[in-house]
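A, B, ... follow the sequence lines: proteins, then strands. Residue 1 opens every chain. Below, all heavy atoms of this structure are taken into account, side chains as well, without hydrogens, waters or symmetry copies. As the structure is a computational prediction, the values presented were derived from the model and not from experiment.
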Number of protein chains: 2
Amino acid sequence: MIRIAVVDDKMNNRKVITDKLSRNNFFTLVFQAVNGEDFLQQMRALPEDDQPHIVLMDLEMPHVDGVSAIGTASSLYPDIKFVVLTIFDDDDKIFRAIKAGACGYLLKEESGEVINEMLMNLWESGAGPISPSIAYKILQMVQKPVTADTVVKNDDNLFQLSEREKEILQLLSQGLEYKEIGVKIFISPNTVKKHCISIYQKLHVNSRSQALRIAYTKGLID
Amino acid sequence: MIRIAVVDDKMNNRKVITDKLSRNNFFTLVFQAVNGEDFLQQMRALPEDDQPHIVLMDLEMPHVDGVSAIGTASSLYPDIKFVVLTIFDDDDKIFRAIKAGACGYLLKEESGEVINEMLMNLWESGAGPISPSIAYKILQMVQKPVTADTVVKNDDNLFQLSEREKEILQLLSQGLEYKEIGVKIFISPNTVKKHCISIYQKLHVNSRSQALRIAYTKGLID
DNA sequence: TACCGATTACTCCATTTGGATAATTTTTAA
DNA sequence: TTAAAAATTATCCAAATGGAGTAATCGGTA
């Protein structure tokens with residue numbers, strides 16, 4: 001039995017996709033969420049045995065969007081497969097979703113049969129499901145030589161951390177505590193702490209260890 | 001009418017693919033070639049009006065292989081679409097073929113229907129045809145473009161951690177706290193803490209962050 | 001049998017951390 | 001120039017962490 005979670009802010013969209021999934025008896029819908037924050041919250045409260053194997057995630061959502069939710073969750077739950085399911089297909093979104101850790105990218109226009117088949121294949125072979133037109137765009141990303149544009153996007157800051165925050169995350173990764181960091185960069189330990197909490201909020205986590213996991217696995221530190 | 005050329009050194013392969021193509025009346029086979037050199041030579045001798053719109057190219061061929069033929073031809077004939085059609089799917093070949101200018105990458109195992117449909121789609125929308133398993137490999141290229149520095153994993157337990165300690169270090173890296181780890185592996189949080197402190201002693205550190213730094217950089221965790 | 005390492009579990013204590021809130025200054029962008 | 005964003009500092013509180021010590025249990029070994 002393949003456990004699936006669906007994250008989409010539009011009620012109707014959720015209904016459409018869950019209807020499609022319900023045609024295959026191997027799929028069980030474990031929960032739905034209306035945005036990234038809701039999803040991360042529900043994940044935290046979920047016993048491991050009930051965690052989804054696959055998460056279908058829309059990108060355009062209020063509060064915490066899909067890219068950012070995938071970024072956090074793919075670090076925190078490395079065994080879960082995150083598949084983008086959206087109507088949008090602009091290059092930047094695709095690129096950022098992949099960078100964030102999505103293993104597949106499906107367009108909502110795909111038929112229920114195709115979606116079900118591709119998800120079954122993901123389960124059986126581990127191959128991420130990708131709509132043909134998206135696949136071609138990804139190919140073009142590889143094809144294009146590295147331009148200044150892509151370089152910018154590459155170090156573009158999935159989590160929107162400020163320079164100071166990145167600096168402090170770096171120091172955190174070295175195992176320093178508030179006081180030590182304060183001494184090192186000549187600010188109060190209280191300020192260091194404030195920065196840390198801001199970092200956690202942007203990464204959608206609530207502890208240093210979780211922040212560091214994301215930092216290491218997403219290459220946020222040198 | 002879509003003009004197609006097929007390049008493959010094996011006679012039988014050529015027959016299989018041309019048979020598949022012949023099922024669709026929109027396709028015309030303009031010529032066949034047995035290797036890259038043969039292909040380039042025939043192209044040179046061809047009037048522009050007879051040039052193929054699409055070239056299906058095998059990769060493993062004598063004299064001039066598919067990658068290098070695509071590299072040359074995609075520059076000389078920028079309007080022609082080059083589609084790799086092969087049984088091989090190792091990462092390096094895929095990458096080099098794309099870089100050389102291939103707009104699609106199909107596996108020979110694809111059915112005639114799928115191949116015909118994808119080529120029609122290439123003609124109509126310009127989207128390069130890509131077999132799903134190849135698409136997923138390309139996605140992974142975008143996801144982690146660097147590679148190269150694959151951390152050499154230590155079999156020999158540099159820090160002499162016990163099995164239990166390694167297990168707990170693993171869980172620590174996931175951002176769990178004492179309580180959560182205790183629940184997960186059915187022991188008291190006090191014991192978890194005791195293990196942590198033992199780990200710190202063996203790693204010669206005195207905080208979780210420092211332990212995690214060593215764990216990540218020395219490949220102590222998966 | 002007696003010893004050893006690994007695992008389990010507990011207590012007491014000081015320090016660190018995460019979170020909420022508030023306020024001021026500096027920098028940046030419109 | 002004004003408004004917004006980022007950086008700074010602080011305080012209060014509850015929870016988690018690191019450290020030290022003590023001890024019981026189990027499996028294998030000298």
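Residue A/Glu165 contributes atom CD, which lies 14 Å from atom P of D/dA5 at whole-angstrom precision. Counting to the nearest Å, the C1' atom of C/dT7 and the CZ atom of B/Phe186 are 17 Å from each other. Rounded to a whole Å, the CG atom of B/Leu176 is 10 Å from the P atom of D/dT17. Rounded to whole angstrom, the span from the NE2 atom of A/His195 across to the P atom of C/dT26 amounts to 15 Å. A straight line from CD1 of B/Ile199 to P of C/dT7 spans 10 Å, rounded to a whole angstrom. Here the C1' atom of nucleotide C/dT7 and the NZ atom of B/Lys193 are 17 Å apart, to the nearest Å. The CD atom of A/Gln160 sits 13 Å away from the P atom of D/dA7 (whole-angstrom rounding). Rounded to whole Å, atom P of D/dA6 lies 14 Å from atom CD1 of A/Ile168.
For D/dA10, neither phosphate oxygen OP1 nor OP2 lies less than 4.0 angstrom from any side-chain nitrogen or oxygen of A/Lys194. A sub-4.0 Å separation between OP1 or OP2 of C/dT16 and a side-chain N or O of A/Lys179 is present. Contact annotation: A/Arg164 reaches the phosphate of D/dT8 (side-chain N/O to OP1 or OP2, under 4.0 Å). Put simply, A/Asn190 has a side-chain N or O that comes within less than 4.0 Å of OP1 or OP2 on D/dA10. OP1 or OP2 of C/dA9 has at least one side-chain nitrogen or oxygen of B/Thr191 nearer than 4.0 Å. Within the structure, a side-chain polar atom (N or O) of B/Tyr200 is placed less than 4.0 Å from OP1 or OP2 of D/dG18. In terms of phosphate contacts, A/Ser188 brings a side-chain nitrogen or oxygen within less than 4.0 Å of OP1 or OP2 of D/dA10. For B/Ser198 and C/dA6, the shortest distance from a side-chain N or O to OP1 or OP2 is not below 4.0 Å. Contact annotation: B/Asn206 does not reach the phosphate of D/dG18 (side-chain N/O to OP1 or OP2, under 4.0 Å). Residue B/Ser207 places none of its side-chain N or O atoms closer than 4.0 Å to OP1 or OP2 of C/dT16. Listed pair A/Tyr178 / C/dT15 fails the phosphate criterion, with no side-chain N or O lying under 4.0 Å from OP1 or OP2.
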May I have the step-by-step check of salt bridge (charged side-chain N to carboxylate O under 4.0 Å, His left out) for A/Lys10 and A/Asp58, ending in yes or no?
CA-CA 9 Å; A/Lys10 303 281 190 334; A/Asp58 188 25; 5.9 Å; no
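Between A/Asp9 and A/Glu60, the shortest heavy-atom distance links the atoms OD1-O, 3.4 Å. Contact record, A/Leu158 with A/Val67: CD1-CG1, 3.2 Å, taken as the closest heavy-atom pair.
Screening A/Met120, A/Glu117, A/Glu113 for a side-chain contact (heavy atoms from CB on, under 4.5 Å) with A/Asn24, the sole residue that qualifies is A/Met120.
Using the six-membered ring where Trp is involved, A/Phe82 and A/Phe39 have ring planes that are perpendicular, over 60° apart on the 30 and 60° scheme.
Between A/Ile197 and A/Glu177, the residue whose closest nucleotide on DNA chain C is further toward the 5' end is A/Glu177.
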